[in-house]
Amino acid sequence: MTQNTLDARDAGTEEPLVSVRDLKTYYTDDSIIASKPPVKAVDGVSFDIYEGETLGLVGESGCGKSTLGRTMLGLETATDGDVLVDGTDVADLSGRERREWARNAGMVFQDPEESLNDRMTIGEIVREPLDAHSVGTPDERRERVRDLLDTVGLQPEHYYRYPHQFSGGQKQRIGIARALALEPDFLVLDEPTSALDVSVQARIINLLNDLQNDLGLTYLFISHDLSVMQHIADRIAVMYLGNIAELGPSREVFANPEHPYTVSLLSAVPGRHGTDLDRISLPGTPPSPRNPPNGCPFNTRCPAKIRPAEHDDLSVDAWEAIEAFREVLRGRALDQDGVFAEVKRRLGFVDADVTESVDELFSNVAIDGAAWETIEDAIVLADSGRYADAEALLADEFGGVCEEQDPTNELDDGRVSRCHRHRDEYDDVATVIERRRADD
């Protein structure tokens, strides 16, 4: 990407190639046995992708990255929102226009083993999009395939071989050749290097960079590996639980991460130099996208969570115990929902009490006064099976703005970070994490 392109974007004069606006992709459970909330795989995502750039989309497994990419290409049906190309929503395209979009946008899948048909030769696999769109004559299609194989570093004799005769890196090159067959402008690359050895990853990334420079391609590069993003992404969007937590130029995100989730991800990048970040281990696991938390999606695991001022005297250990206890209660409350829980109750199955969890979490933690009285009241409720009520009681006492309000983007100048910590009335993320690390 040229500096002129970057300058034009900063000035707001460049039109995006693809715009995503408040995109949602929900999956509903059609079971007649029990009605459940929808799985919110993508939950209100907005961003732009500009011609010739690589936007890196990064996050933990299950955060909705692949679903977002597939929805943008029309491979999944959007529940709400828009994917705009030249001002037209992809969801509204039909007939010739949809076929034209399919030609202009392609996808490289994560697992080269699974994405290639073992019963077809490599030539047939790469030629398949050309056949589907009736591009040229049969001879012209075959010639196009041979050119594509050469472009991705394969040999003419590979045309008649089968996928099982190739290494993982070669199979991914075949997938890239197939994605390029219709000369698209835009490619979604879904974890294209995750199934490959490190040395092979580097060669595929170099190939993708070369193809972008030679053919003027635009990429959405999906990965869980931030170290890969350093070598290919112009901008990075960090995704958590169906939401974009942070977005900005790659160099700025690596040099100065703004969102606490990005800080934690970067702390895990091996061999990262020039920073005083220590490893930040996030507690627990990401919540279910079927039952996301209220307020900020990251609040159940955030190392910089805003705590009520009246409990400033509680130690880091005390807060960790309280949050862990609340997580136990949330899990028990979810287990009580649905027809199977009702069957268990009617058959006389009784959930184990919470005494063991309480003893383990609070036996060596100093908590007194009103804070401990609230915890004791929650324990009583939990012992009677009222887990949701117990968690609600703790939320009222120990919650705060992070649980009450979904943060908006508080930054500008091309940076996005959805975190209440960016507001003037709160200490910034880095200060809080460092202070809590010192107190631990």
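Scope of the values below: all heavy atoms of this structure, side chains included, with no hydrogens, waters or symmetry mates.
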Mind checking the [atom1]-[atom2] spacing from [X] to [Y]? Nearest 0.5 Å is all I need.
X	Y	atom1	atom2	value
S264	F298	OG	CZ	4.5 Å
M229	D225	CE	CG	8.0 Å
R144	L149	CZ	CG	10.5 Å
Q212	T218	CD	OG1	7.0 Å
F254	S227	CZ	OG	7.5 Å
H158	I174	NE2	CD1	8.0 Å

Whether [X] side chain and [Y] backbone form a donor-acceptor pair below 3.5 Å:
X	Y	value
N206	A202	yes
D89	V83	yes
H420	Q405	yes
D428	T431	yes
R290	P37	yes
N291	S288	no
R127	R141	no
E53	Y50	yes
T79	Y26	yes
R301	P283	yes

Take T121 and Y162, measure what side chain to side chain contact (heavy atoms under 4.5 Å, CB included) needs, and give me the verdict at the end.
CA-CA 5 Å; T121 66; Y162 289 85; 3.6 Å; yes
Distance-minimising heavy-atom pair for [X] and [Y]:
X	Y	value
A181	L130	O-CD2, 3.4 Å
V401	I306	CG1-CD1, 3.7 Å
S223	V228	OG-CB, 4.5 Å
Y387	L329	CB-O, 3.8 Å
K65	H224	CE-N, 4.2 Å
A179	V108	CB-CG2, 3.7 Å

Using side-chain heavy atoms (C-beta onward) and a distance below 4.5 Å, is [X] in contact with [Y]?
X	Y	result
I236	S250	yes
V18	F47	no
P297	D406	yes
V42	E76	no
F166	I122	yes
R435	D427	yes
S417	H422	yes
P156	D150	no

Got a list of side-chain donor-acceptor pairs under 3.5 Å for residues 240-249, not counting sequence neighbours?
from, atom 1, to, atom 2, distance (Å)
N243, OD1, R418, NH1, 3.2
N243, ND2, L241, O, 2.8
E246, OE1, E258, N, 3.2
E246, OE1, H259, N, 2.8
E246, OE1, T262, OG1, 2.8
E246, OE2, E258, N, 3.0
E246, OE2, R415, NH2, 2.5

Do the side-chain N and O atoms of [X] and [Y] include a donor-acceptor pair separated by under 3.5 angstrom?
X	Y	answer
T67	T25	no
S46	D22	no
S66	Q110	no

Flag yes if more than 12 heavy atoms outside [X] fall under 6.0 Å of its [atom1] atom; otherwise flag no.
X	atom1	result
N364	CG	no
E360	CD	no
N117	CG	yes

Evaluate L187 against L180 for side chain to side chain contact (heavy atoms under 4.5 Å, CB included), listing each step before the verdict.
CA-CA 9 Å; L187 285 183; L180 294 175; 3.9 Å; yes
Not counting sequence neighbours, which residues clear ring-ring contact (aromatic ring centres under 6.0 Å, His included) with W101? List them please.
none
Going through the checks in order, is the side chain to side chain contact (heavy atoms under 4.5 Å, CB included) test met by D131 and E124?
CA-CA 9 Å; D131 293 338; E124 291 170 333; over 6 Å; no
Stepwise side chain to side chain contact (heavy atoms under 4.5 Å, CB included) test for E323 and T300:
CA-CA 7 Å; E323 293 290 352; T300 59; 5.8 Å; no
For [X], which residues count as a salt bridge (charged side-chain N to carboxylate O under 4.0 Å, His left out) partner, sequence neighbours excluded?
X	value
R330	E327, E391
R161	none
E425	R423

Does R142 qualify as a cation-pi partner of Y159, given the criterion of NZ or CZ under 6.0 Å from the six-membered ring centre and within 45 degrees of its axis?
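No, a cation-pi geometry is absent between R142 and Y159.
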For S315, what residues pass the side chain to side chain contact (heavy atoms under 4.5 Å, CB included) criterion, not counting sequence neighbours?
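Once residues adjacent in sequence are excluded, the partners of S315 under the side chain to side chain contact (heavy atoms under 4.5 Å, CB included) criterion are D317, A318.
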Ion pair check, E128 and R178, cut-off under 4.0 Å
no
Determine, for D80 against R21, whether the closest basic-nitrogen to carboxylate-oxygen distance falls under 4.0 angstrom.
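The answer is no: the pair does not qualify as a salt bridge.
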Quick check on side-chain contact (heavy atoms from CB on, under 4.5 Å): which of L17, L220, V20, T54 does I49 satisfy it with?
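Of all the options given, the one that passes is L220.
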Angle between ring planes, W319 versus F398, binned at 30° and 60°: parallel, tilted or perpendicular?
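Rings of W319 and F398: perpendicular, as their planes differ by over 60°.
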